[in-house]
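Working notes for the structure below.
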Amino acid sequence: MPRLWVMRCASCLALILGVGSAAADVLERVAADQRLRICIWPDYFGISHRNPKTRQLEGIDIDLGRELARSLKAEPVWVDSSFAKLVDDVTQSRCDIAMFAIGITPQRQQHLWFTPPHLSSDVYAISSKSNRRIQQWSDIDQPQSVVAVAKGTLHETVMRERLKQAQLLVVVRPGEREAAVESGRADVFMTDYPFSQRLLQTTDWARRLQPPTVFQMTPYAWAIKPGDQGWHQYLADFVANIKRNGQLKQAAERHGLGPIALID
């Protein structure tokens with residue numbers, strides 16, 4: 001879709017729908033200053049991870065963020081965010097789009113607009129190989145178990161709803177979930193396919209537990225501030241295009257995420 005047409009479309013729709021210019025100016029602003037501000041969570045392995053050794057960003061949403069910026073003839077500007085800060089960062093216009101495999105949940109849909117999903121993951125548990133009591137999925141929700149989750153993630157919401165007997169431990173700092181399990185303060189922490197892959201590849205203590213049947217399959221997408229119809233349509237077209245031309249598949253396979261890529 002030509003960029004000029006999209007910019008005019010965004011302006012027309014803003015007038016028709018009564019959307020203020022502050023909400024409906026992303027394409028115009030990006031075209032003017034040639035910078036696309038992208039919120040990321042730099043601790044998300046395989047998605048938007050800042051390599052601690054090289055300090056370089058890597059992951060599927062980094063690759064696709066660069067491609068999105070290229071399609072707009074703009075430079076990507078990476079803005080560090082997190083799931084706890086996601087809604088504020090996006091709605092306060094600290095970035096034009098959040099690209100860190102954001103699970104589409106009803107709670108988030110109250111505050112954000114989402115693109116069509118490009119990934120989907122179930123919930124996984126990470127335990128320590130030395131933990132003799134937690135051997136299978138059914139051992140998790142027991143009276144003596146402690147289950148860690150990261151604040152603001154979909155896993156916090158899911159486990160608050162699903163746990164009946166285990167104690168929930170909500171942590172905030174990066175690496176705190178892993179430290180809690182490795183030290184024995186928690187029995188497991190809940191995560192998704194991408195992050196569990198990291199633990200299996202980079203540690204010798206972690207063990208992944210997979211639910212026997214689908215536990216909570218969640219589609220992942222990118223999020224924007226509500227109100228900008230033209231920007232939302234541009235992104236929907238972009239997602240459709242990377243699925244059609246193979247860029248999504250290539251990026252997913254490059255980062256070990258082929259099994260969870262949503263390729264039409």
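Every value quoted in this text rests on a predicted model; they were computed, and no experiment measured them.
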**Prompt:** Can you list the steps and then say if S196 with T191 is a side-chain contact (heavy atoms from CB on, under 4.5 Å)?
**Reply:** CA-CA 7 Å; S196 69; T191 187; 4.0 Å; yes
Report yes or no: does [X] contribute a side-chain atom to a donor-acceptor pair with the main-chain N or O of [Y] at less than 3.5 Å?
X: T91; Y: K225; result: no
X: Q135; Y: R132; result: yes
X: K164; Y: D141; result: no
X: D25; Y: E28; result: no
X: T153; Y: A150; result: yes
X: R108; Y: G103; result: yes
X: E156; Y: G152; result: yes
X: D139; Y: Q136; result: yes

Please check if [X] and [Y] belong to a single hydrophobic cluster, counting links between Ile, Leu, Val, Met, Phe, Trp and Tyr side chain heavy atoms closer than 4.5 Å.
X: M159; Y: V171; result: no
X: V79; Y: L86; result: no
X: L169; Y: L199; result: no
X: I104; Y: I40; result: yes

**Request:** Tell me yes or no: between the side chains of D192 and H155, is some donor less than 3.5 Å from an acceptor?
**Result:** no
**Message:** Checking side-chain polar atoms at under 3.5 Å, does S81 have a donor or acceptor matched by the opposite partner on D89?
**Reply:** yes
Minimum heavy-atom distance [X]-[Y], with the two atoms named:
X: S48; Y: M99; answer: CB-O, 4.2 Å
X: F45; Y: Q197; answer: CE2-C, 4.5 Å
X: S82; Y: F100; answer: O-CZ, 3.9 Å
X: A98; Y: V90; answer: CB-CG2, 3.8 Å
X: R66; Y: W78; answer: CG-CZ2, 3.8 Å
X: R185; Y: V146; answer: O-CG1, 3.7 Å

Do [X] and [Y] have side-chain heavy atoms sitting under 4.5 Å apart?
X: V147; Y: Q167; answer: no
X: E67; Y: D63; answer: no
X: W205; Y: E178; answer: yes
X: T157; Y: Q107; answer: yes
X: R35; Y: V30; answer: no
X: V123; Y: W137; answer: yes
X: V170; Y: L168; answer: yes
X: S127; Y: D187; answer: no

Roughly how far, to the nearest 0.5 Å, is the [atom2] atom of [Y] from the [atom1] atom of [X]?
X: Q56; Y: I62; atom1: CD; atom2: CD1; result: 10.5 Å
X: R207; Y: I126; atom1: CZ; atom2: CD1; result: 10.0 Å
X: E253; Y: I263; atom1: CD; atom2: CD1; result: 6.5 Å
X: L262; Y: Y220; atom1: CG; atom2: OH; result: 11.0 Å
X: I260; Y: I60; atom1: CD1; atom2: CD1; result: 7.5 Å
X: I134; Y: Q144; atom1: CD1; atom2: CD; result: 9.5 Å

**Asked** Is the charged tip of R198 near the ring of Y44: under 6.0 Å from the six-membered ring centre and within 45° of its axis?
**Response** no
**Message:** Using a 6.0 Å distance limit plus a 45 degree cone around the ring axis, check whether R162 lies over the aromatic ring of F215.
**Reply:** yes
**Message:** Parallel, tilted or perpendicular: which one describes the rings of Y234 and W231, with boundaries at 30° and 60°?
**Reply:** parallel
**Asked** What class does the angle between the rings of W222 and H118 fall in, given that below 30° is parallel, 30 to 60° is tilted and above 60° is perpendicular?
**Response** tilted
**Verdict with reasoning, V149 to R177, per side-chain contact (heavy atoms from CB on, under 4.5 Å)** = CA-CA 7 Å; V149 293; R177 294 176 305 174; 5.7 Å; no
Test: [X] and [Y] ion pair at under 4.0 Å:
X: R94; Y: D88; value: no
X: R37; Y: D96; value: yes
X: R50; Y: D80; value: yes

**Message:** Centre-to-centre under 6.0 Å for Y124 and F195, is that the case here?
**Reply:** no
**Message:** For R173, give me all partners under salt bridge (Lys or Arg N to Asp or Glu O under 4.0 Å), at least two apart in sequence or on another chain.
**Reply:** E176
**Message:** Tell me every residue that passes side-chain hydrogen bond (donor to acceptor under 3.5 Å, both in side chains) with S145, counting only those two or more places apart in sequence or in another chain.
**Reply:** R133
**Request:** Go through the steps for Y193 and L119 under the test side-chain contact (heavy atoms from CB on, under 4.5 Å), then give the verdict.
**Result:** CA-CA 10 Å; Y193 184 87; L119 303 170; over 6 Å; no
**Asked** Which is it for I242 and L64 under the side-chain contact (heavy atoms from CB on, under 4.5 Å) test, yes or no, and what are the steps along the way?
**Response** CA-CA 9 Å; I242 61 173; L64 297 177; 4.0 Å; yes
